Amino acid sequence: QVQLVESGGGLVQPGGSLRLSCVVSGFTLDYYAIGWFRQAPGKEREGVSCSAAGDPKTHYKESVKGRFTISRDNAKNTVYLQMDSLTSEDTAVYFCAADLVPRRSCALTPRDYTAWGQGTQVTVSS
């Protein structure tokens, strides 16, 4: 059974940092792309970052470049999203998702991802 479980969200002040974790099970992380997405109240879900299997190149939404870093530890079946210099605009529920079609690259398009976690709330506020 494919499962993704996010953790690490919380309340942080502007300028602060959080590290989100996504533990996956039911499939081999080595072979598939993982994406991080977020959804703020009243807004559509948007892609934040993704990491393709076997491809060192990662992709980021323009507004998070230089502040967020995606990484994966295949041995621990875990993907991370390090978020630094957070602003109120980053407040959202964050989801990790798996693209279970083997591809050489990844995209920040929600429809490419077929397995989703339940989400973790990130709130940036003073």
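What you see is a predicted model; the values in this text were computed from it and never measured. Because only heavy atoms are used, hydrogens play no part in the values below, and waters and symmetry mates are left out as well, while side chains stay in.
One distance of note links SG of C96 with CD1 of I70; it measures 9.5 Å at 0.5 Å rounding. W36 CH2 to T58 OG1: the interatomic distance, rounded to the nearest 0.5 Å, is 14.5 Å. Separation of atoms CZ (R38) and CE (M83) is listed at 9.0 Å; rounding is to 0.5 Å. We find the NZ-OG distance between K61 and S49 to be 12.0 Å, quoted to the nearest 0.5 Å. Put simply, CG on L29 and SG on C22 are 8.0 Å apart, with the number rounded to the nearest 0.5 Å. Taken to the nearest 0.5 Å, the CD atom of Q39 stands 6.0 Å off from the CZ atom of F95.
With respect to R72 and D30, no salt bridge is recorded, no charged nitrogen being found less than 4.0 Å from a carboxylate O.
In terms of heavy-atom proximity, D90 sits nearest to Y94 at O-OH, 2.6 Å. The heavy-atom pair separating S51 from C106 by the smallest distance is N-SG, 3.5 Å. Among all heavy-atom pairs drawn from S17 and D84, the shortest one is OG-OD1, 2.7 Å.
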| task | Could you walk me through whether S25 and V2 pass the side-chain contact (heavy atoms from CB on, under 4.5 Å) test, one step at a time? | result | CA-CA 6 Å; S25 58; V2 171; over 6 Å; no
| field | Evaluation steps, side-chain contact (heavy atoms from CB on, under 4.5 Å), between L18 and L86 | value | CA-CA 8 Å; L18 283 174; L86 286 161; 4.3 Å; yes
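The hydrophobic cluster containing V23 does not contain V79, counting ILVMFWY residues as joined when their side-chain heavy atoms lie under 4.5 angstrom apart, directly or transitively. Note on L100: it clusters hydrophobically with I34, by side-chain heavy-atom contacts below 4.5 Å among ILVMFWY residues. Under the 4.5 Å side-chain heavy-atom criterion for Ile, Leu, Val, Met, Phe, Trp and Tyr, V12 and F68 are members of the same hydrophobic cluster.
In this structure, R103 contributes its side chain and D99 its backbone to no donor-acceptor pair below 3.5 Å. R45 places no side-chain N or O within donor-acceptor distance of the main-chain N or O of F37, the cut-off being under 3.5 Å.
Judged purely by distance below 3.5 Å, without hydrogens or angles, the side chains of Y80 and R19 never pair a donor atom with an acceptor atom. Checked by atom type, the side-chain pair T78/D73 shows no donor-acceptor distance below 3.5 Å.
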What pairs of donor and acceptor atoms, side-chain ones from residues 112-126 against any protein atom, are under 3.5 angstrom apart with sequence neighbours left out?
residue	atom	partner	partner atom	Å
Y113	OH	A107	O	2.7
W116	NE1	Y113	O	3.1
Q118	NE2	E6	O	3.4
Q118	NE2	E6	OE1	3.4
T120	OG1	G9	N	3.2
Q121	NE2	A92	O	3.4
Q121	NE2	T123	OG1	3.3

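With sequence neighbours excluded, no residue forms a ring pair (Phe, Tyr, Trp, His ring centres under 6.0 Å) with Y31.
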